[in-house]
Amino acid sequence: MSSSRPYLVRALNEWVLDNDCTPYIVVDAGIQGVQVPNEHVANGQIVLNISPGAVKSLVIGNSALEFNARFGGVPMQVFVPLQAVIAIYAKENGEGMVFGSEPGMPDPNGTGETRNAGGSKPKEDRPSGRPTLKVVK
C-alpha cells in the first residue's frame with residue numbers, strides 16, 4: 001500500500017485551519033531532498049508555519065510538500081519530501097500528530113536499513129537492553 005502520511009498531513013492541515021488555528025510542521029532537515037533555510041535548522045530539525053498567511057502556493061502532494069515563503073525578508077521555495085515530515089500540529093494548543101517510521105521507509109538514522117510495520121528494526125537487528133524514546137518538541 002502507499003504511504004498514509006500525505007493523506008494525514010493534508011487532513012490534519014485542513015482540520016487545524018478549520019479550527020482557526022495555525023498549522024506548524026516539524027521537518028527532519030537531514031533527509032535527502034529537503035530544501036529549507038539552513039540558518040533556521042536546529043538539532044537537525046526545523047519548524048515551519050504552513051498557514052495561508054505565512055506561505056504562498058502550498059501544495060501537499062503524495063510525495064512532497066512545497067510552498068513559497070519569506071525568511072528574514074528573503075523569498076525562498078521550500079521543498080519537503082513527506083517522509084521528512086516528523087509532525088504536524090496546531091501552534092495554539094499543540095494538538096496534532098507525530099509520525100513514526102512506515103514500512104519500507106529508510107532508517108532515519110541513515111544506516112540504509114528499512115523498518116518493519118511496527119516502525120522498528122527487525123528483532124534480530126535490535127540491540128539488547130532498554131528501549132529508548134526521543135522527545136520531539
Side-chain angles (χ1 to χ4, degrees):
M1 289 186 70
S2 62
S3 172
S4 61
R5 192 171 303 202
Y7 303 94
L8 294 169
V9 170
R10 284 191 290 265
L12 288 164
N13 181 55
E14 184 176 338
W15 174 69
V16 169
L17 292 171
D18 284 351
N19 285 281
D20 296 319
C21 291
T22 310
Y24 275 30
I25 59 171
V26 180
V27 176
D28 180 346
I31 299 285
Q32 185 175 356
V34 171
Q35 296 173 5
V36 294
N38 290 325
E39 61 273 13
H40 298 286
V41 172
N43 297 321
Q45 298 178 351
I46 186 169
V47 178
L48 299 169
N49 176 348
I50 60 169
S51 69
V55 303
K56 292 185 184 197
S57 307
L58 174 65
V59 176
I60 304 173
N62 286 339
S63 61
L65 175 150
E66 56 187 309
F67 58 86
N68 294 310
R70 288 175 138 355
F71 296 90
V74 179
M76 180 177 185
Q77 172 72 26
V78 174
F79 183 86
V80 178
L82 283 173
Q83 71 181 13
V85 176
I86 297 170
I88 181 168
Y89 65 96
K91 172 190 171 193
E92 291 76 6
N93 58 20
E95 292 289 323
M97 178 180 278
V98 176
F99 299 102
S101 295
E102 294 184 28
M105 286 185 64
D107 178 17
N109 298 324
T111 61
E113 298 172 348
T114 56
R115 300 287 177 152
N116 65 21
S120 61
K121 293 179 185 178
K123 187 173 184 172
E124 62 276 2
D125 293 341
R126 278 187 243 150
S128 59
R130 297 184 71 187
T132 59
L133 297 175
K134 179 181 175 185
V135 176
V136 178
K137 294 182 180 182

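Computed from heavy atoms alone, side chains included, the values below leave out hydrogens, waters and symmetry copies. Everything numeric here is computed off the predicted structure, so don't read it as measured data. Along the sequence shown, residues are numbered consecutively beginning with 1.
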For this session: With side chain to side chain contact (heavy atoms under 4.5 Å, CB included) as the test, would you mind laying out the steps for Leu65 and Leu58 before giving the verdict?
Result: CA-CA 7 Å; Leu65 175 150; Leu58 174 65; 4.1 Å; yes

Does [X], at its [atom1] atom, have more than 12 non-hydrogen atoms belonging to other residues, nucleotides or ligands within less than 6.0 Å?
X	atom1	result
Glu92	CD	yes
Gln32	CD	no
Asn93	CG	yes

Please answer: with hydrophobic residues joined when any side-chain heavy atoms are less than 4.5 Å apart, are [X] and [Y] in the same cluster?
X	Y	answer
Val55	Phe71	yes
Ile60	Leu17	no
Trp15	Leu48	yes

[Y] backbone acceptor or donor facing [X] side chain under 3.5 Å:
X	Y	result
Arg5	Ser63	no
Asn13	Val9	no
Asn49	Ser51	yes

For this session: Check step by step if side chain to side chain contact (heavy atoms under 4.5 Å, CB included) holds for Tyr7 and Asn62.
Result: CA-CA 8 Å; Tyr7 303 94; Asn62 286 339; 4.0 Å; yes

Which heavy-atom pair separates [X] from [Y] by the least distance, and what is that distance?
X	Y	answer
Ala54	Ala69	O-CB, 3.9 Å
Gly61	Leu82	O-CD1, 3.0 Å
Leu12	Met97	CD1-CB, 3.5 Å
Gln45	Val26	OE1-CG1, 3.7 Å
Ile46	Pro37	CD1-O, 3.9 Å
Val36	Met76	C-CE, 3.3 Å

Exercise. Between atom CD of Gln77 and atom OG of Ser57, what is the distance when rounded to the nearest 0.5 Å?
Worked result: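 The OG atom of Ser57 is 8.0 Å from CD of Gln77, to the nearest 0.5 Å.
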
For this session: Determine, stepwise, if the pair Ile88 / Phe99 fulfils side chain to side chain contact (heavy atoms under 4.5 Å, CB included).
Result: CA-CA 9 Å; Ile88 181 168; Phe99 299 102; 4.1 Å; yes

